[in-house]
Participant: 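Quick one: structure below, then a few questions.
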Amino acid sequence: MLRFTPVRAAVLLTLAAAAVASAQEAPAKVKPQGGAMSADASKAKAHRMSTAELIRSATSAGPRSISDNAAVMAADESGKMVPLRPGTNGWTCIPDEPTTPGLDPMCIDKHGMEWVQALIAKKPKPANTAPGLIYMLQGGSDLSATDPFATKTDHYIASPPHFMVMWPYDAKSSGFSTTPKKTGSWIMWAGTPYAHLMVNQTP
């Protein structure tokens with residue numbers, strides 16, 4: 001999520017989800033694995049980025065056919081989520097989360113955002129009634145491949161460019177692996193209501 005991830009950007013996405021509706025009304029590096037940046041370093045990184053740079057970071061997460069017309073939101077210096085650009089297609093793109101070791105901007109559709117909101121609220125299962133989609137074409141950094149509610153790690157899982165289908169795939173019936181991999185597809189958080197398909201490729 002997070003993806004978006006609630007594991008990477010819980011606060012960011014919570015605020016984003018709450019503000020998506022208003023943002024959509026108006027028309028218009030995977031780095032080596034390692035620990036997270038300090039809070040001060042994170043703020044400094046975010047502060048150095050101009051609005052144009054934040055928009056470029058956010059929209060790099062998805063295919064141009066989606067990101068060109070998506071809303072873009074980012075956290076300001078106080079942590080409040082603010083719209084940087086309105087969108088017209090129901091998608092929301094968010095810039096790289098500076099507290100993770102790799103680049104991880106994301107573009108999220110409506111059902112994907114419902115999934116993220118449920119995860120962050122620690123609901124028993126996702127709220128989306130149709131598969132959601134999240135693009136992370138710059139890659140990502142996850143705290144855990146097995147625990148959707150992990151809050152810390154000594155070893156981030158670095159992912160290549162990928163997109164995610166937010167739907168509870170079953171490893172046994174689907175035949176997909178549950179082991180993190182750099183190519184092909186695998187199920188993250190298998191065996192939990194928040195299982196979803198990781199597709200390691202650029203569409």
Side-chain angles (χ1 to χ4, degrees), residues 1-10 12-13 16-17 29-34 36 56-68 70 72-73 89-120 126 128 130-150 153 155-171 174-203:
M1 87 171 112
L2 91 218
R3 68 182 173 343
F4 82 115
T5 65
V7 294
R8 306 191 264 276
L12 187 73
L13 288 178
K29 109 189 171 187
V30 174
K31 296 181 180 178
Q33 297 172 2
R56 280 196 295 272
S57 171
T59 56
S60 70
R64 290 286 303 275
S65 59
I66 288 172
S67 62
D68 278 356
V72 176
M73 305 192 73
N89 62 2
W91 286 75
T92 301
C93 295
I94 300 171
D96 172 48
E97 167 52 47
T99 61
T100 58
L103 292 175
D104 50 11
M106 58 193 78
C107 288
I108 313 171
D109 75 353
K110 174 186 175 182
H111 295 300
M113 192 65 80
E114 292 170 344
W115 187 98
V116 170
Q117 287 179 289
L119 176 62
I120 294 172
N128 54 307
L133 192 60
I134 300 176
Y135 284 102
M136 296 188 70
L137 300 188
Q138 296 299 316
S141 309
D142 285 285
L143 294 175
S144 173
T146 58
D147 181 5
F149 302 117
T153 185
H155 188 74
Y156 275 90
I157 300 168
S159 298
H162 64 282
F163 61 92
M164 296 168 286
V165 182
M166 318 317 289
W167 199 246
Y169 283 85
D170 176 70
S174 68
F176 286 116
S177 170
T178 60
T179 302
K181 51 198 301 188
K182 301 294 185 182
T183 60
S185 302
W186 64 284
I187 300 174
M188 178 175 276
W189 302 338
T192 78
Y194 288 92
H196 58 281
L197 189 65
M198 300 277 287
V199 184
N200 294 317
Q201 67 178 50
T202 299

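Note that the structure is a prediction, hence the values are computed from the model and not measured.
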Participant: Write down the atom of Lys181, the atom of Thr183, and the distance for their closest heavy-atom approach.
Facilitator: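 Looking at all heavy atoms of both residues, the shortest contact is CE-O, 3.0 Å.
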
Participant: Could you work out, with side chain to side chain contact (heavy atoms under 4.5 Å, CB included) as the rule, every residue matching Pro193, not counting sequence neighbours?
Facilitator: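 Pro193 satisfies side chain to side chain contact (heavy atoms under 4.5 Å, CB included) with Lys125, Pro126 only.
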
Participant: Can you tell me how far NE2 of His162 sits from CE of Met198, rounded to the nearest 0.5 angstrom?
Facilitator: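 Answer for the CE-NE2 pair, Met198 versus His162, is 3.5 Å.
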
Participant: Let me see the working for Phe163 and Ile134 under side chain to side chain contact (heavy atoms under 4.5 Å, CB included), right down to the final yes or no.
Facilitator: CA-CA 6 Å; Phe163 61 92; Ile134 300 176; over 6 Å; no

Participant: What are the two closest non-hydrogen atoms of Trp167 and Ala130, and how far apart are they?
Facilitator: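 Closest approach of Trp167 to Ala130, heavy atoms only: CZ3-C, 3.4 Å.
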
Participant: Going by heavy atoms in the side chains, are Gln138 and Asp96 under 4.5 Å from each other?
Facilitator: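 No - every pair of side-chain heavy atoms lies 4.5 Å or more apart.
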
Participant: I need the Met113 CE to Trp91 CH2 distance, nearest 0.5 Å.
Facilitator: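 If we round to the nearest 0.5 Å, Met113:CE and Trp91:CH2 are 10.5 Å apart.
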
Participant: When rounded to the nearest 0.5 angstrom, what is the spacing between CD in Gln201 and CG in Leu137?
Facilitator: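 Spacing of CD (Gln201) from CG (Leu137) equals 10.0 Å.
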
Participant: Are the side chain of Asn200 and the backbone N or O of Ser159 linked by a donor-acceptor pair below 3.5 Å?
Facilitator: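 No, Asn200 side chain to Ser159 backbone: no donor-acceptor pair under 3.5 Å.
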
Participant: For a quick test of reading the model, state the closest non-hydrogen atom pair linking Ala58 to Cys107 and the distance between them.
Facilitator: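 Looking at all heavy atoms of both residues, the closest pair is O-SG, 3.7 Å.
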
Participant: How close do Ile66 and Asn89 get, heavy atom to heavy atom, and via which atoms?
Facilitator: O-ND2, 2.9 Å

Participant: Please find the pair of heavy atoms, one from Ala145 and one from Ile157, that lie closest to each other, and give the distance.
Facilitator: N-CD1, 3.3 Å

Participant: Quick one: pull up CG in Asp170 and CD1 in Ile187 and give me the separation to the nearest 0.5 Å.
Facilitator: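 Taking CG in Asp170 and CD1 in Ile187, the distance rounds to 6.5 Å.
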
Participant: Among residues at least two apart in sequence or on other chains, which ones pass ring-ring contact (aromatic ring centres under 6.0 Å, His included) with Tyr194?
Facilitator: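 Partners of Tyr194 by the ring-ring contact (aromatic ring centres under 6.0 Å, His included) criterion, ordered by chain and then number, come out as Trp115, Phe149.
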
Participant: How long is the straight-line distance from CD1 of Ile94 back to CE of Met136, given to the nearest 0.5 Å?
Facilitator: 10.0 Å

Participant: Do Trp189 side-chain atoms and Ser144 backbone N/O form a donor-acceptor pair below 3.5 Å?
Facilitator: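 Such a contact is found between Trp189 side chain and Ser144 backbone.
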
Participant: If you compare all heavy atoms of Pro131 against all heavy atoms of Val165, which two are closest, and at what distance to 0.1 Å?
Facilitator: CB-CG1, 4.1 Å

Participant: With rounding to the nearest 0.5 angstrom, report the CG to CG distance, Asn128 to Leu119.
Facilitator: 11.0 Å

Participant: Taking side-chain hydrogen bond (donor to acceptor under 3.5 Å, both in side chains) as the definition, give me every residue that meets it alongside Ser174, ordered by chain and number, with sequence neighbours left out.
Facilitator: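 side-chain hydrogen bond (donor to acceptor under 3.5 Å, both in side chains) list for Ser174, sorted by chain: empty.
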
